[in-house]
K.L.:
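So that we are looking at the same thing, I have put the structure below in structure tokens.
The basis for the numbers below is simple: all heavy atoms, side chains too, and nothing from hydrogens, waters or symmetry mates. Letters A, B, ... are given to chains in the order of the sequence lines, protein chains preceding strands, and every chain is numbered from 1.
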There are 2 protein chains.
Amino acid sequence: MQKKVRIIDIAKMAGVSKGTVDRVLHNRGNVSETARIAIEHVLDEVNYKPNIHVSAISLKRSYKIIVTTPEVSLGAYWESIHNGIRHALEEYENVKIELQIFTYNQYDIYSCRQTFEKIAGFEMDALIIGPTFPEETINLCKKMDDRDIPYIFVDSTIDSTAPLAFYSADHYVCGFMMAKLITSIIPDHANIAIFQAVRTGDKSANTTVLRKKGFTDYLENNRCSNLILTIPFSVTEPEDNEMYLSRLFQSQREVPAIVVLNSRGNFIADYLETNHIKGVRMICMDLTAANVEALKKGQIDYLIGQEPEYQGFSSMKTLLEYLIFKSPVKKQNYVQLDIITRENVVFYKRFNNTVY
Amino acid sequence: MQKKVRIIDIAKMAGVSKGTVDRVLHNRGNVSETARIAIEHVLDEVNYKPNIHVSAISLKRSYKIIVTTPEVSLGAYWESIHNGIRHALEEYENVKIELQIFTYNQYDIYSCRQTFEKIAGFEMDALIIGPTFPEETINLCKKMDDRDIPYIFVDSTIDSTAPLAFYSADHYVCGFMMAKLITSIIPDHANIAIFQAVRTGDKSANTTVLRKKGFTDYLENNRCSNLILTIPFSVTEPEDNEMYLSRLFQSQREVPAIVVLNSRGNFIADYLETNHIKGVRMICMDLTAANVEALKKGQIDYLIGQEPEYQGFSSMKTLLEYLIFKSPVKKQNYVQLDIITRENVVFYKRFNNTVY
DNA sequence: AATAATTATGTGTTCGTGCACAAATATACA
DNA sequence: TGTATATTTGTGCACGAACACATAATTATT
């Protein structure tokens, strides 16, 4: 147990004053080559870790951080991510942070484009992005790269970008696992209906594509002969869904299994309930309030959780520690894929009853 | 956003000095009735929250904490709990904590009794208990109650005690869920072998009894007609297990499903592998290193995780915040029951790759 | 009433970092 | 060489809680 090394200790060892050490530690410039090398030499020797508590007190400057994600609705997926972000800020209540949030319609590529173009012009120290459309996201990221502004992804990551880090589920594995779970509770060869969201201006989002690929790959690898029916599902024009659903269930085919690749599983569950359709097994994404209710009622058999609070929390925390303490950052962060049933759902914590 | 209230602000409002406020906040005594009431009045008005960073720096006194749990072996369940405890201490590195750890043999009631009697006589500020045998634990807790020493349970809680808090899985639900999961992947009416640990001086531990009850209740509730074979399993005399296992598999009965109610599932998996017994589905407890390996190899189908790192971490963190800041404590803390398969196991984080 | 003992209250120091500002040194240019 | 400017370095203060210690006020004792 070696004694704590302080800035003043390093200064003495390097034969300079604490101010110079501080300038080196924080890359503030105005340090002679000689002094810098001497200090860096000492820093290599000793394992200096700033006392985070003292740092927290002494911090004077403020940071401006922008967050952009799909729109937040009550009890839904993106609300959990935003809760996580807010929770991280509470941990750093003494740090002066100016937070600006811009949301876009995740079912409309034009809304996303417009929002991202607006954001690109703003002053900021860092950016958190919840991406949906690859092309638009890449454009925004390029501008950030040019301006040397760090950004972190939540929910999913986008190729051809250079984020400081990302927090995301492995959506391919997610789809793979959904296939394994649903096939374990339905008869062999049973038909499976897959619901996918319809979007304006773009066929489909990042995450859904990957999940679908994982799903079909599982069936292929395991030589499952289930017939897969892909059904469109519109969030923006919900009146269309009645039609899709009634067409599905009025056909001759039995549909004993439903898979929803996004967090809107409760919509389908509601339809089944109002139309008294029984005996359908369902697997869906995310512990939204409505999904949890449907799970508890037995309408949904499995929910897959992807730690949205943790994603939001970690992305903000990572960003702040990077900005303030220049802490090293782990780039790839794949979050847990929690398998939730009506039995274990009550133990899954949110920030209202626990603290990460 | 109201401005932060400091001790000195409270002092001014109450017309006293900061020293007196400090004495009231920390119950240090030597305060006149008049002053105490004035200060308490102000404290009711304003929402004073000490700046935890400054508190952390200024702390001078030290705390002695004793931890007693079953013995820790490498890569096993209790090691994770201890890792969690250590991790909490790292967060409070500036607090002077004297930690003493006493482990006992969880398969031998006499070892537990001896350890607990020794501990009962020691000086300490608080105690963390990983209980196994109810009777012995109650005795220890009574002595702690008399001495006004707070204690927290990890892994399970014991009736007729008054802990400050407990962090535990709901073991009944755990058994219930294991029954649901295993029956979903085996044919109806298939036989199920349940393995239970043998203990010296006591029929069985706290947790196993509850899990067994949950398991059988699920089968009963759902009118499952599976034949249940309860098999003893000795950790202390492993040479007996060969005998139990060979007797099981050489009988006429098919055994397509195995349930292990503790974390030693890998032992059974190994036996199956060396004896080339195939087609057995298995569900077991805990992400021990050996179990995870067996899961990845496909020998185990489901593992149930119970957040051991989080349990250890939270119990120590709760204790410290209670001791140092007199923070209010949530007593009942049921942890997640994670359903783990070979697909999602890689995403479950330990402290080596993430920070809660 | 005078002194001792007890209790109550106020003051000052400590912790280590972040940063502002002053001081010192080096470089540029006439 | 002297002055102006730029660069480098050192010093000092603030942050706010915890506690040690000194001083003031009250109560007990002779």
K.L.:
Taking for each residue the nucleotide of DNA chain D bearing the nearest heavy atom, is the 5' side occupied by B:Arg61 or by A:Ile57?
P.N.:
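Its nearest nucleotide being more 5', the pick is A:Ile57.
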
K.L.:
Check whether any side-chain N or O of A:Thr20 sits under 4.0 Å from OP1 or OP2 of D:dG10, and answer yes or no.
P.N.:
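Checking D:dG10 against A:Thr20, a side-chain N or O does come within under 4.0 Å of OP1 or OP2.
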
K.L.:
What's the spacing between A:Thr318 OG1 and A:Lys330 NZ if we round to 0.5 Å?
P.N.:
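The distance works out to 10.0 Å.
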
K.L.:
Ignoring hydrogens and angles, answer whether the base of C:dG18 and the side-chain atoms of A:Ser55 contain a donor-acceptor pair closer than 3.5 Å.
P.N.:
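No, the side chain and the base share no sub-3.5 Å donor-acceptor pair.
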
K.L.:
Rounded to the Å, how far apart are A:Asp22 CG and D:dT11 P?
P.N.:
15 Å

K.L.:
Looking at the side chain of A:Val16, which of C:dT11, D:dG10, D:dC19 is the nearest nucleotide?
P.N.:
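Side chain of A:Val16 sits closest to D:dG10.
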
K.L.:
Looking at B:Arg28, I'd like to know whether one of its side-chain N or O atoms comes within less than 4.0 Å of OP1 or OP2 on D:dC19.
P.N.:
yes

K.L.:
So what does B:Arg23 touch, heavy atoms closer than 4.0 Å: a base, only the sugar-phosphate, or nothing?
P.N.:
base

K.L.:
Does C:dT9 have OP1 or OP2 sitting under 4.0 Å from an N or O in the side chain of B:Ser32?
P.N.:
yes

K.L.:
Centroid-to-centroid, A:Phe102 to A:Phe116, below 6.0 Å?
P.N.:
no

K.L.:
Can you measure from CG (B:Leu319) to CD1 (B:Ile152) and round to the nearest 0.5 angstrom?
P.N.:
4.5 Å

K.L.:
What integer distance in Å separates B:Glu93:CD from C:dG16:P?
P.N.:
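Atom-to-atom, B:Glu93 to C:dG16, this comes out as 12 Å.
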
K.L.:
Verify whether one side chain among B:Asp155 and B:Tyr167 offers a donor that lies under 3.5 Å from an acceptor in the other.
P.N.:
no

K.L.:
So which of A:Arg86, A:Glu79, A:His87 actually passes side-chain hydrogen bond (donor to acceptor under 3.5 Å, both in side chains) with A:Asn83?
P.N.:
A:Arg86

K.L.:
Atom CD1 of B:Ile52 to atom P of C:dC15: distance rounded to whole Å?
P.N.:
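Distance check: B:Ile52 CD1 to C:dC15 P gives 21 Å.
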
K.L.:
Are the aromatic rings of A:Phe166 and A:Tyr151 close, with centres under 6.0 Å apart?
P.N.:
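Not close enough - the centres of the two rings lie 6.0 Å or further apart.
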
K.L.:
Roughly how many Å is it from CZ in B:Arg36 to C1' in C:dT9, rounded to a whole number?
P.N.:
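After rounding, the gap between these two atoms is 16 Å.
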
K.L.:
Between D:dA17, C:dC19, C:dT17, spot the one nearest the side chain of A:Val54, thanks.
P.N.:
C:dT17

K.L.:
Expressed in angstrom and rounded to an integer, what is the separation of B:Lys60 atom NZ from D:dA17 atom P?
P.N.:
14 Å

K.L.:
From C-beta outward on B:Lys18, which listed nucleotide comes closest to its side chain: C:dT11, C:dC19, D:dT9?
P.N.:
C:dT11

K.L.:
Side chain of B:Arg6, heavy atoms from C-beta onward: which of D:dA17, C:dC19, D:dC19 has the nearest atom to it?
P.N.:
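Minimum distance to the B:Arg6 side chain belongs to D:dA17.
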
K.L.:
Does C:dT17 have its OP1 or OP2 closer than 4.0 Å to a side-chain nitrogen or oxygen of A:Tyr48?
P.N.:
yes

K.L.:
Could you tell me the separation between the CD atom of A:Glu33 and the C1' atom of C:dA26, rounded to a whole number of Å?
P.N.:
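To the nearest whole Å, that distance equals 16 Å.
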
K.L.:
Just how far, in rounded Å, is C1' of C:dG10 from CD1 of B:Ile8?
P.N.:
11 Å

K.L.:
Does B:His53 put a side-chain nitrogen or oxygen below 4.0 Å from OP1 or OP2 of D:dG16?
P.N.:
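The answer is no; no side-chain N or O of B:His53 sits under 4.0 Å from OP1 or OP2.
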
K.L.:
Starting the side chain at C-beta, find the nucleotide from C:dG10, D:dT11, D:dA18 nearest to B:Ser17.
P.N.:
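Selected nucleotide (nearest to the side chain): C:dG10.
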
K.L.:
Let's see if you can work this out: which of D:dA17, C:dT9, D:dT8 has an atom nearest to the side-chain heavy atoms of B:Asn30?
P.N.:
C:dT9

K.L.:
Using the side-chain heavy atoms of A:Ser58, tell me which of these nucleotides is nearest: D:dC15, C:dC19, C:dG12.
P.N.:
D:dC15

K.L.:
Contact class for A:Ala56 (heavy atom, under 4.0 Å): base, sugar-phosphate, or nothing?
P.N.:
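No contact.
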
K.L.:
Would you mind reading off the distance between B:Leu25 atom CG and D:dA18 atom P, rounded to a whole angstrom?
P.N.:
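That distance rounds to 8 Å.
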
